[in-house]
There are 2 protein chains.
Amino acid sequence: MNEHQKLFKPIKNERTFEKVSRRIKRLIFDGVLKPGDRLPSETELAHQFDVSRQTIREGLRILELSGFITIQKGGSGGPLIQTTILNTINNLFLDAFQLEKVTTEELTLARFEIERVVMDYVIDRADDSDIQRLRENVQRARMKIENNLVAVDENIEFHNLLAEASKNHVFVMVVGSIAAVVRDHTSRLTANLEGPDNTGAYSESVLKSKNAVDIHEKIVEAIEAKDRKKAKQLMESHLQEVGHRLESLKD
Amino acid sequence: MNEHQKLFKPIKNERTFEKVSRRIKRLIFDGVLKPGDRLPSETELAHQFDVSRQTIREGLRILELSGFITIQKGGSGGPLIQTTILNTINNLFLDAFQLEKVTTEELTLARFEIERVVMDYVIDRADDSDIQRLRENVQRARMKIENNLVAVDENIEFHNLLAEASKNHVFVMVVGSIAAVVRDHTSRLTANLEGPDNTGAYSESVLKSKNAVDIHEKIVEAIEAKDRKKAKQLMESHLQEVGHRLESLKD
DNA sequence: TCACATTTGTCCGTATGTATC
DNA sequence: AGATACATACGGACAAATGTG
């Protein structure tokens, strides 16, 4: 009985700024507004929607936080339609992980299992352009390491590129979200190493970074050779090693 | 070169309302503010932070959309600490799916692979309370079906409960997000069936729903018996069937 | 280089609707 | 039912930032 009353509950209690954001979002979904397009200024939008500027602002705030637009100040600035909202999801995942107190073990385990599966599809579906992107990534990482810099971003990006090569958007999102958390954990944990005696610790981080890049390169070769067994095996031991490193950094 | 200039860029261009939301978010992370606690009213917050109400409002808007607070109108209302962040993530996933034009095939495939892995852990880690929750879920679903209702929510919840039984928060989030999208797809696609001749189509949906519950029950039994092979096999065929149904509904 | 126009960021004051006591 | 407390929304104003000529 009470289940029935729950149907047909909210039909008009939507706040004005929510209507604003929903209308604009709809235009983006329908392709009327495309990435790179600029929305009218807040004052202009206020006129067109016939609401106050404050209401427009709160609506834009929603779209901004959801990743649909960015906002630039100054002349010829204003709200700009973005190409993707995936980064936003990663940020929310970060918050959620912190809130739910997710442990490093859980993170490593899930990453291991999921990326293992993804690799199976990468072997079957990766094309030349995927492999080229992976190679370029490895090369960029090597450049950094030769300059004695850690290649954190590049090494994280490698896993995202792998997910893209699986040709499944869901994998891209999941791997990307997990990678964002791993990246956050890593940078947070290695930050402690930058003490007075940072040269020693620093070069050790670079060394670990180099190890990762070496394995990444081997993985790319295995993918190109369509050597499923080797690729998966490399990937698994690589992920386990990264996991162990994260664990050891915790102390 | 230009890579170096990108370092050390933003240090003080954070907007005031972002500072507000960040300060409050920090208090939540640190446990000072716990779910159920109430924040001061907008006017009071404006006084304490020494900023205008508009600025407070935009800060609260961020927290609301991020899933950290809900806002109640009326007397003794105001901002309430309530973590709905998982719902927020699910909503963003929905947006992302629409924006990135994710196909049903991709969704079904990823779901199949991930929940297959999750089941492996469920077998090892599910305890009595997990199994009891699963049983209760099946029972609730049966109740609905006996009243000739589709048990969409219950059947989606079953998969979330499974993820929880794996004792890994990452799996919970990932499965939950995917389930939310599946739920959206299902309800959107079955909505087309509610035409003038809805009685026939409706009872067919109930029938499909009943099939799902039957398999769910068998899965619970297999988990309780720790029959890994059977549980995984049931799960796999179940997910494939659901996937096929989603596909067939598209036309 | 410098002034200018545009746009966001922030503030104040006020009015209205709504939920609670 | 009335008073109270709160979010919601409006209008006007100025400051700060940013691109343009």
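Every chain is numbered from 1, with letters handed out A, B, ... down the list of sequences.
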Using a cut-off of 6.0 Å, state whether more than 12 heavy atoms not belonging to B:Arg38 lie near its atom CZ.
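Yes - once you tally the heavy atoms of other residues, nucleotides and ligands closer than 6.0 Å, there are more than 12.
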Report each atom pair, protein N/O against N/O of nucleotides 18-21 of chain D, whose distance is under 3.5 angstrom.
residue, atom, partner, partner atom, Å
D:dT18, O2, A:Gly75, N, 2.7
D:dG19, O4', A:Gly75, O, 3.2
D:dG19, O3', A:Ser76, OG, 3.3

Starting from [atom2] on [N], measure out to [atom1] on [X] and report it in whole angstrom.
X	N	atom1	atom2	value
B:Leu80	C:dT20	CG	C1'	15 Å
B:Leu60	D:dT8	CG	C1'	13 Å
B:Glu42	D:dC6	CD	C1'	8 Å
B:Ile71	D:dT8	CD1	C1'	11 Å
B:Arg61	C:dG9	CZ	P	16 Å

Any donor and acceptor pair, going by atom type alone, linking the side chain of B:Ser166 with main-chain N or O of B:Leu162 inside 3.5 Å?
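Not confirmed, B:Ser166 side chain does not pair with B:Leu162 backbone.
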Donor-acceptor pair, A:Asp30 side chain versus A:Val32 backbone, under 3.5 Å?
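Checked: no pair found.
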Considering every strand and a 4.0 Å limit on heavy-atom distances, what is the contact class for B:Pro40: base, sugar-phosphate, or nothing?
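Counting heavy atoms under 4.0 Å across all strands, no contact is made by B:Pro40.
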A:Glu14 and salt bridge (Lys or Arg N to Asp or Glu O under 4.0 Å): which partner among A:Arg22, A:Lys19, A:Arg23?
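Single salt bridge (Lys or Arg N to Asp or Glu O under 4.0 Å) partner of A:Glu14 among A:Arg22, A:Lys19, A:Arg23: A:Arg22.
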Shorter than 3.5 Å, N or O on both sides, protein versus nucleotides 9-13 of chain D: list them out with atom names.
residue, atom, partner, partner atom, Å
D:dA9, OP1, A:Thr16, N, 2.5
D:dA9, OP1, A:Thr16, OG1, 2.3
D:dA9, N6, B:Arg53, NH2, 3.1
D:dC10, OP2, A:Ser52, N, 2.9
D:dC10, OP2, A:Ser52, OG, 3.1
D:dC10, OP2, A:Thr55, OG1, 2.5
D:dC10, N4, A:Gln54, OE1, 3.3
D:dA13, N6, A:Arg53, NH1, 3.3

Identify each atom pair where a protein N or O and an N or O of nucleotides 1-3 of chain C are less than 3.5 Å apart, giving names and distance.
none

Counting the benzene-type ring for Trp, do A:Phe49 and A:Phe17 have ring centres under 6.0 Å apart?
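No - the distance between ring centres of A:Phe49 and A:Phe17 does not fall below the 6.0 Å cut-off.
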